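These notes are about the structure you will find just below.
Every chain is numbered from 1, with letters handed out A, B, ... down the list of sequences. Values in this document were obtained by computation on a predicted structure and should not be read as measured data.
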Amino acid sequence: MYKIEKENLEALFRKIAESQDLILPIKKAGQTNFGLWNEGEEADLDTLKTVKSGKDAFFPQSETLYTCVRDGKKLTVEPEELRSSPFVVFGMKACDVKGMEVLDKVFLADPIDTFYAARRDHGTIVAMACHEPEESCFCKVFGTDAADPAADVAVWMVEGTLYWKAISEKGQALTEAVKDLLTDADASDEAKVSAEKEAIHNIVEQLPYTHLSLEGWDGNATDEKFNSPVWETLYKPCLACGTCTFVCPTCQCYDIKDYDTGHGVKRYRCWDSCMYSDFTMMAHGNNRTSQMQRFRQRFMHKLVYFPANNNGMYSCVGCGRCVEKCPSSLNIVKVIKAFEKHGGEK
Amino acid sequence: MQRIGVFVCHCGTNIAATVDVKKVVEMAAKEPGVVHAEDYQYMCSEAGQAKIINAIHEKNLTGIVVCSCSPRMHEATFRKAAAKAGLNPYMVEIANIREHCSWIHKDMEEATLKAVILARAAIAKVNLDAPLQPGESLVTKRALVIGGGIAGIQSALDIAEAGYEVDIVEKLPSIGGRMSQLDKTFPTLDCSACILTPKMVEAAAHEKINIYTYSEVEKVSGFVGDFTVDIRKKARSVDMSKCTGCGVCSEKCPSKKNANEFNRGLNNRSAIYIPFAQAIPNVPVIDRENCIKFKTGKCGACSKVCAAGAIDYEQKDEIVTQKYGAIVVATGFDVIPLDKYDEYAYSQSKDVITSLELERIMNAAGPTKGHLERLSDGKAPKNIVFVQCVGSRCSDERGKSYCSKICCMYTAKHAMLIRDKYPDTNVTVFYIDVRTPGKNFDEFYRRAVEDYGVNYVKGQVGKVIPQPDGTLMVQASDLLENKQIHMEADMVVLAAAIEPNKDVRKIATMLTASIDTNNFLTEAHAKLRPVESPTAGIFLSGVCQGPKDIPETVAQAGAAAVKAIGLLAKDKLTTNPCTAHSDELLCNGCSQCANVCPYGAISYEEKQVNDHGIRETRRIAVVNNALCQGCGACTVTCPSGAMDLQGFSNRQILAEVDAICR
Amino acid sequence: MSIEAKEEFRPKIVAFCCNWCSYAGADLAGSSRLSYPADVKIIRVPCSCRVNPMFILRAFEKGADGVIMCGCHPGDCHYTTGNYYARRRMTLLFSMLDFIGVENGRTRVEWVSAAEGVKFSQTMNEFVEKIYSLGKNVRLEDLRCRN
Amino acid sequence: MQELITRAKELLADGTVVRVLGWKAGDLSYNPEAAYFETAESLDEFVYNGFCGQNLSKMMIEASKLEGKTLVCLKPCDTYSFNQLIKEHRVDREKAYIIGVGCKGKLNVEKLREMGIKGIKSISGAELTDACEELHISTIYGDKTVAYKEAMLERCHVCKGKEHMIYDEIIGESKDTKDADRFAEVEKIEKMSPEERFAFFQKELSKCIRCNACRNACPACSCRKCVFDSTKFDSAQKANVDSFEEKMFHIIRAFHVAGRCTDCGECSRVCPQGIPLHLFNRKFIKDIDTFYGEYQAGADDQSKGPLTSFTFDDVEPGVVAERG
């Protein structure tokens, strides 16, 4: 393990940014989101949750797939180049990293999403333990340890010092590259990190959602949950906006659209939301015609369909962003609790 | 995808001298959808049009772009040519490369590039063109005239003379309107009744004219050429087919103290009455509010004395439904109420009267049998003051901002008549301006001043104060002499502003005809279409459109009639196909489009829709193609884009924008 | 602005003209041979009230440097009231564009009658001059549409 | 609140209404959600406190399609939206039984987070029966007390007033919370140079993730299908691929509700990125007031909106350039 003082972090960032893109939480107009770090940018490692998770470093909100260039009646197709240079994402949290595992299940399964795979290959994740988890967090429910993120490098911020532990090969390579700026951690430092971990675990135990039960939610619950009357009342306040989807670290649905540039067409993909009325709209219409069905789809997918197809892995990581951001105060926890209360009544 | 043919015109050298026509052809041919491109000396010539027709046949063209002069010049020509070849004429677009390009640019390269871009825009538009079919609607050969005053009578007579059926609806028991209340008319001073009565008789006798008096328009539906109107015939309580008009019933009626509307309430009439001697129809009506029989159930005097047995207390309102092709509005005017003008003591003194009341006083059939006398004590007035612009050209909310137009002239008439008949009466007129723009008008006014010695004072009357001795103290300013005047008068006559009849707002709403802030009906174009409402099939006659004197009213009534005749002469109406259309799946039914439609072409219906599997009843905007003129105001007001304009659709205009900017 | 710079920058200018007055005014400018720069391209619409703010934004998106809308003089609208609505819409739209920092000279409304060929030409000359002085529209374009 | 529940139960019992649209207690101290109640028992979960910020008038569009009357709880500012929806035939007045609920300012938990308050366990002082002067917050990391006003939504600082514009009855007291000028923020921006204004909006709008929460929460944005979801203008966009699209979306969003927006502030309340979206709407309102005379959308359910009316002597669009 290594360590670096907080005031030297800027130098560390500069060092990393010399050779590759560095993406980290940046505060802009009062909100903190992952963004490309440049000299002078305000890195914000204190905010526990960025508004969006860090998933857009690997699966951006929009990306061009290819470009058609028109010359008279002739069209030439120019493919988009895949990511070929390394980059670092600094400051993701354990839940965000867990979210990447979910995305991997989707995008790295056959057929492999080459755009995503190229970014995964070239990206190094430096993840940070959650110093002070909040009431909206429920990562423990999904088996995530907020104190020990499973990334390429794990870091802990304890009393003005950042402790750095390389985990993967990529993590070690990055450590090598910035080693000049790091100092070796000794036994007392290890003890400080252990104490921090314990403190985090203690807080997590006190969080209101930590003991949420997932009983009854698994890949076998399809019919029972799908047909439950609970949805009929649950969805009512849903605005059908995409907030929950877009702040979620695991949502992976996208739409493919064309943009007419005047000289041709850029075909791009962008995040889509299953809450939108035009989600998977086809020529004949939509297979989910009501907001209840769309609402149900989102949670059924996260808690039933996804585990059914992925050996029991839920596609929720308990980051609590939807809890904080839903304009109608709906969220996955309320859904789980509603079923608990009604005992999955039919 | 369309199969588009592009035809580039040289226009001799008009275009070709500045635009490289061959280059335009070459570039246009590269555009998607273009399967044919050629140029020619004069595309508008027979030979040029033949080229278009041939290409349509040979290349199976589905869309045409002609790069030539302004579409205002030859769009119709090329559309006809396309139609000849069996192509829908609305599949033709024009790129204006003459007026908008070759004629204003000198540099050939620059002009050519611009011509290419204009061609691209037209190609982009035609790519999204859809064949349009003008609609047709049948015309009902019958006209409705609302209002039976001189305007309505004249319009009805003119339409009837052209051979069409006309119905006049008059809400009062007799036709005749405001003109029947006048004594003499300016500038000729002939008797109003003498010239009006023959017209009334003519209308009543005309085989094509049907008069509904004591009736009101209740409901209007439909549109130009095909209106359906419900007319409420109010119960007269007298059987018109039996009544002989002998008048005994009125004489014997015990309820005699009812204000006589015809004489502006200056005397009384019985509860069963004929409004005036020359009334048409000459049939009385029972004023049920004041009839003792209706109030108490006891009386029946009129029934007892009626030899013809025409009195029918059981009579009920009747609704007549009739179809019309055209509607003429001739609802006329009234004078504004003067209850807010306490400074003139109108409500305080019986001797302060309006000019219209003076008309009745001076009329032989009026409350004083034509003797000029004070209503308070019956004495002959020695000093009479006329006050002009009472509520006209007024800046406060009590009055009207406009000039009532007729007051200057009728006041000169009154002054002259009084001075003529009662030479020892002093007449003073207070005015802001004297406006006499009409044939023989100024001469008439000058006669009043020069030959009849009427005292005209430029200035406003500030106050009229009733004196204990029964006279009136008039305080005024003389602007020319720059002094205050205190003048004693025996009678003050106020030239009250005129305003559209109170019912006009209700009628305009039924007709979806627009109305201005003063409640005058709006014309389709202030200069070029002054007798038509923006709502097709509605024509404006008389003062309902704006203040007018009698000759102007008659002239406008005739003009409105001609427009109505022009409509009725057609068997079918062809409608402009470039109209708005509402997409029922996108429409919110919010009514914003109807709020901006100048033609009342948008209505709403509750409709069952199937929106991608969601079946529900929705409020949906429906555009009447016969009324829509295609301005597009609704399309921009519509937030969802449900409302679009055929021929100038949102996507077409955007495609033109894209083509120009790329 | 120097002549050299002018040669480099050729603005794209879209002019929406109502069919009844302004388009005819442009025709008159043409038949009177009253020149204005070729940068201006006219789109014919039935009435100024047909011009949707989305059309104007679309023009800027696709790279227009200026957008001008011409209609009948207030009071002379062929459809009686169209330009009154258009006037309110454009006033608000232009004010909003100004508010978000788009140069306010890039948009303009001018009432041009069918008889005002001279005014049409003058207006276009002035407007083009203004756009030259403002330079390329970079605040309201979509970069994907750049040449 | 008890009074409200009792009255709701009465109206359910006597058949005046068949359902109640109000708020249900959440699982955290600050997240109650809008809910329908159809039985007296279910009303036990009913809450109404400082965190019940959502404008329920938009939900009445759907409720108007249901059988029978719906009792709806509307705050003073929500009633403007309801009036506007009546005007646009989007809700059915006959299907609504409106209880005008009192309001002492609505709270925004984000404001507490901005103050560094986290790990919230409970919040007290936000009930309508409280004085609403102070909030007591108990957190995992210690207890905090903050002034109620400090945690209020922006819109409450420029409150339109305590009066309900439309209602069947009123329950609960309201408090005047206005302590700022409605147009101060707009004026501040107007005073900046164009470059500064551009930079300001560029920065704010670059946060937009096109989640459509602003649009979907807005009672005036009640189109069955938004132009940004339809092919009508080739404007269907799901993401802000270029910064132009951010501007396009927000300008048109505000333009489409110009003259119809009641300034209810929902757009800013729901924005997950904290973009001050109300600035767009308020700029239009300010312009409308200045150019065409003061107009408050939703103050009545009849008047023609400023963009569907005109006067002959309206200002010319050139006024924008003249203003400099």
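Contacts of B:Ala122 with chain C are absent, with no heavy-atom separation under 4.5 Å from either backbone or side chain. At a 4.5 Å heavy-atom cutoff, the contact between C:Ser31 and chain B is made by backbone and side-chain atoms alike. For B:Asn14, the part sitting under 4.5 Å from any heavy atom of chain C is the side chain, from C-beta outward, and nothing else. Neither the backbone nor the side chain of B:Ala526 comes within less than 4.5 Å of any heavy atom in chain C. For B:Thr637, the parts lying near chain C are the backbone and the side chain together; criterion is any non-hydrogen pair under 4.5 Å. For chain C, the nearby part of B:Lys527 is the side chain; its heavy atoms alone come within less than 4.5 Å. When heavy atoms are compared at a cutoff of 4.5 Å, B:Asn595 approaches chain C solely by way of its backbone atoms N, CA, C and O. Interface remark: C:Cys77 contributes backbone atoms only to the contact with chain B (heavy atom separation under 4.5 Å).
B:Pro598 and C:Thr80 make their closest contact through CB-OG1, 3.9 Å (heavy atoms, listed as atom of the first residue, atom of the second, distance). Taking all atoms of both residues into account, the shortest heavy-atom contact from B:His105 to C:Tyr36 is CE1-O, 2.9 Å. For C:Ala26 against B:His100, the heavy-atom pair with the smallest separation is CB-NE2, 3.3 Å. For the pair B:Tyr599 and C:His78, the tightest heavy-atom approach, listed with the atom from each and the gap, is OH-O, 4.2 Å. Taking each heavy atom of C:Tyr79 and B:Gly630 in turn, the nearest pair found is OH-O, 3.9 Å.
Inter-residue side-chain proximity for B:Ser70 and C:Tyr23 is flagged as met; some heavy-atom pair is nearer than 4.5 Å. A 4.5 Å side-chain heavy-atom check between C:Pro53 and B:Val636 finds at least one atom pair inside the cut-off.
Of the residues considered (C:Asp65, C:Val67, C:Ile13, C:Asn19), C:Asn19 shows the highest number of contacts with chain B, using heavy-atom pairs under 4.5 Å. Most heavy-atom pairs under 4.5 Å with chain C: of the set B:Asn96, B:Asp107, B:Leu118, B:Leu528, this distinction falls to B:Asn96. Ranked by heavy-atom pairs under 4.5 Å with chain C, the first of B:Leu113, B:Ile117, B:Asp658 is B:Asp658.
Under the 3.5 Å distance criterion, the side-chain polar atoms of C:Arg58 are left unmatched by any main-chain donor or acceptor of B:Ala655. Side-chain atoms of C:Lys12 come within 3.5 Å of backbone N or O of B:Cys661 as a donor-acceptor pair.
With rounding to the nearest 0.5 angstrom, the CZ atom of C:Phe55 is 4.5 Å from the CG atom of B:Asn650. Atom CG of residue C:Leu28 and atom CZ of residue B:Arg72 lie 10.0 Å apart, to the nearest 0.5 angstrom. Annotation: the span from B:Trp103 atom CH2 to C:Ser35 atom OG amounts to 15.0 Å, rounded to 0.5 Å.
For B:Glu109, the CD atom is loosely surrounded, since the number of other residues' heavy atoms within 6.0 Å does not exceed 12. In this structure, C:Lys130 places its NZ atom where only 12 or fewer heavy-atom neighbours from other residues, nucleotides or ligands lie under 6.0 Å away.
Residues of residues 84-93 of chain C placed with any heavy atom under 4.5 Å of a heavy atom in chain B are listed by number as C:Tyr85, C:Arg89. For residues 37-52 of chain C, the interface with chain B (any heavy-atom pair closer than 4.5 Å) comprises C:Pro37, C:Ala38, C:Val40, C:Lys41, C:Ile42, C:Ile43, C:Arg44, C:Val45, C:Pro46, C:Cys47, C:Cys49, C:Arg50, C:Val51, C:Asn52, sorted by residue number.
Using modelled atom types, one finds no donor on one side chain facing an acceptor on the other under 3.5 Å when comparing B:His525 with C:Asp76.
We find that B:Glu110 and C:Arg10 are joined by a salt bridge, their nearest charged nitrogen and carboxylate oxygen being less than 4.0 Å apart.
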